[in-house]
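Here's the structure we're looking at; comments come further down.
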Amino acid sequence: MEQFPLFKSGNEPKSEEPVSKTSSAPPPIVHPSSPLTELSFDIEATGKDPISDMIIGIALCREEGKAYYVPIRHKHGANIPDALSILKETLEDGSISKIGHNLKYDILILRQEGIHVKGRLYDTMLAAYLLNPNKPDHSLENVGLEYLMHKKRPFTEVLGKLHSFADVPIDEATQYAAEDAALAMELKNILFEKLKDEGLEDLYFDIEMPLIYVLAGMEEEGVRINKERLEELSKELERELGIIESRIYAGAGENFNINSPKQLQKILFEKLGLKPLKKTKTGYSTGMDVLEELSKVHELPMEILNYRTFYKLKTTYVDALPKLIDKKTGRVHTSFNQTVTATGRLSSSEPNLQNIPVRGDWGTKVREVFTADEGCVLISADYSQIELRILAHMSNDEGLIDAFKKDIDIHSRTASELFGIEREAVTDDMRRVAKTVNFGVVYGISPFGLSEALNIPPKEASAFIEQYFDKHPGVKQYMENTIKTAQQQGYVVTVMGRKRPTPEINSHNANIRQQAERLAINTPVQGTAADLIKIAMINIWNRLKEKNLKTKMVLQIHDELLFEAPENEIEPARELIKHEMENAMTLSVPLRVDIGHGKNWSEAH
DNA sequence: TAATTCAGC
DNA sequence: CGCTGAATTAG
């Protein structure tokens with residue numbers, strides 16, 4: 001590493017000693033006794049969004065207890081603006097491991113500066129996540145507290161009052177940032193030892209770590225949306241909402257806030273005297289299923305449902321998306337969160353692009369807004385029945401395996417089993433019921449849940465479940481075994497060895513215990529599906545690069561991947577994607593991927 | 001901040 | 001019945 005003036009932090013993170021500043025007297029040049037093999041770093045920036053924010057400074061640490069801070073763009077004090085160009089070589093050196101907490105963020109910020117981080121990544125946030133995915137928050141603060149009993153100074157309060165990190169005086173920033181880099185270094189040694197002990201090393205190094213680069217690439221790429229079209233749709237929804245609103249006020253005989261469940265209860269259950277069918281903690285439910293039922297007796301509930309549908313469409317999607325278009329790129333850059341879900345799935349936020357409407361005419365209209373760049377198309381590839389196939393594999397159930405090997409419509413087959421008839425005799429309604437049962441099985445079915453979903457008495461739901469287990473003894477056995485191992489080991493695992501603790505599995509409270517049983521059943525299935533698509537993403541990423549294709553992966557929606565491909569690459573890209581997805585893992589049943597392309601997301605489906 | 005509702009897989 | 005995130009109201 002080149003030498004440059006540094007600000008050294010306290011050697012002991014807990015030490016109250018003032019930081020020794022070296023701006024007036026440069027530190028002696030350090031000649032490392034051993035070659036640099038790993039480096040912990042932590043970037044401070046103007047905000048939390050790595051696509052739009054700017055780097056303010058970078059903290060560095062190469063051995064426990066000693067860290068440095070390099071100020072780059074503070075408003076006051078002696079910045080070292082050239083530091084990044086000096087650090088570039090080290091950060092891009094693939095033989096030097098990079099250590100940090102939430103490295104995807106640092107990687108993305110650095111890319112804006114033209115620095116492309118390479119090398120093995122030791123991400124302490126991901127390590128902490130794999131060790132216990134049930135934790136709601138894996139911030140450095142919390143992880144430090146849990147594994148090092150390390151309490152950080154309450155810096156965030158100070159920061160909150162200031163405009164940005166650039167306003168923070170350099171010596172204060174040094175304390176804070178250097179401590180973080182040192183903390184990550186210290187945590188790395190502890191957490192990665194624990195990962196090894198828990199058998200999570202392969203999952204980390206083969207899947208989660210390489211995925212950091214893939215997700216960083218997807219976030220950086222972003223997706224193009226048609227702002228003008230969204231503005232048209234917003235006006236259309238505005239008109240529609242106005243009409244429905246006046247109809248609702250007329251029907252209710254007064255004006256009120258339709259968005260307030262409280263006020264709506266008054267209108268429906270007091271003024272109109274409709275039967276409250278379900279209760280919530282605070283009153284009577286006005287949820288979708290209740291309003292649907294009530295719409296048989298009165299016109300108003302259906303109008304309310306219509307209003308809610310349009311209102312949601314407008315506020316959550318049509319009006320929200322344009323605000324999130326990045327000024328520089330003109331595209332929408334979601335965050336793919338790798339350490340949020342308890343099962344191993346990703347989540348997406350700001351905006352959430354994993355819950356864009358798909359059903360109905362308006363679902364189509366909204367998805368048409370997601371468009372490919374000029375000269376490109378969007379390719380959508382989604383796994384068919386991925387969770388049921390995984391259940392077939394994990395349970396080794398003969399009937400399920402047979403169905404998937406023969407590529408039979410699984411819901412029709414279940415329907416014929418449940419109703420004891422030939423598959424040709426299955427009606428649409430019977431298939432709908434069977435589909436719900438199949439979903440229920442994956443979710444850890446209960447008579448209550450199924451009866452709610454199908455709107456039938458619990459007794460009838462129980463009969464369906466019994467009939468299902470009768471035809472699928474392997475599935476029944478799998479569920480019993482999974483619960484038993486959860487009780488004995490205190491956790492459940494996916495095919496790739498991802499773990500989720502099941503702390504409530506032996507609870508004396510029947511409701512709590514049964515809920516724990518259901519998640520014990522669901523987690524290995526949902527989690528294995530997450531493992532599977534992550535593997536596919538990494539393999540596709542590598543092969544696209546290998547073959548020098550310009551096709552870009554842009555979104556992941558749990559069992560679907562969306563790509564943007566130049567028109568002249570459509571065929572090779574489709575072929576590559578389908579192949580990698582269908583061969584990401586070898587299960588006892590084949591994997592099937594449906595793939596399509598078009599100028600927008602709706603056409604691609 | 002908690003509760004409710006609803007969009008997705 | 002499993003897993004999420006966002007928008008809203010209301011205390």
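These numbers were taken from a predicted model, which means no experiment stands behind them.
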Measure [atom1]/[X] against [atom2]/[N] and give the value in whole Å, please.
{"X": "A:F256", "N": "C:dA10", "atom1": "CZ", "atom2": "P", "result": "12 Å"}
{"X": "A:L353", "N": "B:dA7", "atom1": "CG", "atom2": "P", "result": "17 Å"}
{"X": "A:R389", "N": "B:dC9", "atom1": "CZ", "atom2": "P", "result": "17 Å"}
{"X": "A:K312", "N": "B:dT4", "atom1": "NZ", "atom2": "P", "result": "15 Å"}

>> Measuring to OP1 and OP2 of C:dG2, would you say a side-chain N or O of A:R518 lies under 4.0 angstrom away?
In response: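 Indeed, a polar side-chain atom of A:R518 lies that close.
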>> Does C:dA10 have OP1 or OP2 under 4.0 Å away from a side-chain N or O of A:S260?
In response: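 For C:dA10, OP1 or OP2 has a side-chain N or O of A:S260 closer than 4.0 Å.
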Over all strands shown, is [X] touching base, sugar-phosphate only, or nothing at heavy-atom distances under 4.0 angstrom?
{"X": "A:T282", "result": "sugar-phosphate"}
{"X": "A:T523", "result": "nothing"}
{"X": "A:I445", "result": "base"}

Residue [X], side-chain heavy atoms: nucleotide from [options] that is nearest:
{"X": "A:N355", "options": "C:dT4, B:dT5, B:dG8", "result": "B:dG8"}
{"X": "A:K281", "options": "B:dA3, B:dA7, B:dC9", "result": "B:dA3"}
{"X": "A:T343", "options": "B:dA7, C:dC3, C:dT9", "result": "C:dC3"}
{"X": "A:S285", "options": "B:dT5, B:dC9, C:dG5", "result": "B:dT5"}

Could you pull out every donor-acceptor pair under 3.5 Å between side chains of residues 378-392 of chain A and any protein atom, sequence neighbours left out?
{"from": "A:S380", "atom 1": "OG", "to": "A:E560", "atom 2": "OE2", "distance (Å)": "2.8"}
{"from": "A:Y383", "atom 1": "OH", "to": "A:M581", "atom 2": "O", "distance (Å)": "2.7"}
{"from": "A:Q385", "atom 1": "NE2", "to": "A:H411", "atom 2": "NE2", "distance (Å)": "3.4"}
{"from": "A:R389", "atom 1": "NE", "to": "A:S384", "atom 2": "O", "distance (Å)": "2.8"}
{"from": "A:R389", "atom 1": "NH1", "to": "A:P590", "atom 2": "O", "distance (Å)": "2.8"}

> Is there a donor-acceptor pair closer than 3.5 Å between any side-chain N or O of A:Q467 and the backbone N or O of A:A463?
Replying inline: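 No.
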>> Could you check whether A:K279 makes a cation-pi contact with A:Y284, meaning its NZ or CZ is under 6.0 Å from the centre of the six-membered ring and within 45° of the ring axis?
In response: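 A:K279 over A:Y284 ring: no.
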>> Parallel, tilted or perpendicular, judged at 30° and 60°: which one describes the rings of A:Y307 and A:Y311?
In response: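 Geometry flag for A:Y311 against A:Y307: parallel rings.
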